[in-house]
Amino acid sequence: MNYWLLKSEPDVFGIDHLIKMPRKTEHWDGVRNYQARNFMRDSMKKGDLAFFYHSNCKEPGIVGVVRIVREAYPDHTAFDPKCKYYDPNSEPAKPRWFMVDVKYDRRLKRPISLKELKQQTTLKSMKLLQRGNRLSVMPVEKSDWDHILKLETACC
DNA sequence: GCCAACGTTGGC
DNA sequence: GCCAACGTTGGC
């Protein structure tokens with residue numbers, strides 16, 4: 001079982017959008033970065049858990065937990081010329097981009113902001129906190145995962 | 001809205 | 001294969 005962190009802009013697709021989807025499930029489309037794709041395609045397994053992270057907003061941070069309910073399959077938004085994520089280099093016969101399906105698991109009892117994560121010396125090695133990180137899909141160490149969940153109920 | 005830090009593109 | 005130019009991400 002692996003742990004992940006998925007970034008999304010709440011104005012575009014936040015955790016509230018996911019909750020409103022049928023079966024609270026949606027495909028995680030639009031990933032157009034090779035490293036992020038490789039994580040999704042090669043390492044994400046059904047049943048894995050991921051933090052839902054809100055980026056590019058007033059209070060960036062982790063807001064919830066989702067579960068991977070379908071492993072990687074071709075991202076069809078890359079095939080549609082009308083779509084924002086269209087990529088002419090990706091064809092159905094030889095797809096370049098992939099997506100997984102995620103299902104809402106729960107919201108954290110309180111959001112854990114990026115600011116708070118940065119204050120945790122134990123989390124220093126987290127990919128998310130490393131300089132210039134722009135990955136929208138990244139693995140999270142089990143120890144970091146556990147530490148963050150402890151913050152959820154810890155008093156501040 | 002600014003801008004640093006990346007990733008990608010394309011000329012050479 | 002190098003690298004400048006450009007586009008994007010995302011915190012602030």
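All values below were derived from every heavy atom in this structure, side-chain atoms included, with hydrogens, water molecules and symmetry-related copies excluded. In what follows, every chain begins at residue 1, and chains take the letters A, B, ... in the order their sequences are listed.
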Generate the contact string for nucleotides 7-12 of chain C. Rules: B means base contact, S means sugar-phosphate contact only, - means no protein heavy atom under 4.0 Å.
BBBBBS

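- A search for salt bridge (charged side-chain N to carboxylate O under 4.0 Å, His left out) contacts involving Asp105(A) returns nothing, not counting sequence neighbours.
- A search for salt bridge (charged side-chain N to carboxylate O under 4.0 Å, His left out) contacts involving Arg107(A) returns Asp16(A), not counting sequence neighbours.
- For Lys142(A), the salt bridge (charged side-chain N to carboxylate O under 4.0 Å, His left out) test picks out Asp146(A), with sequence neighbours left out.
- Contacts classified as ring-ring contact (aromatic ring centres under 6.0 Å, His included) and involving residues 109-152 of chain A (residues at least two apart or in different chains) are given here: Tyr3(A)-Trp145(A), Phe51(A)-Trp145(A).
- Partners of Glu71(A) according to the side chain to side chain contact (heavy atoms under 4.5 Å, CB included) rule, which considers only residues two or more places apart in sequence or in another chain, are Lys45(A), Lys46(A).
- Sorted by first and then second residue, the side-chain hydrogen bond (donor to acceptor under 3.5 Å, both in side chains) pairs involving residues 49-63 of chain A (not counting sequence neighbours) are Glu9(A)-Asn56(A).
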Any N/O pairs under 3.5 Å between the protein and nucleotides 2-4 of chain C? List them or say none.
none

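- Remark: Asp144(A) engages no residue in a side chain to side chain donor-acceptor pair (under 3.5 Å) (not counting sequence neighbours).
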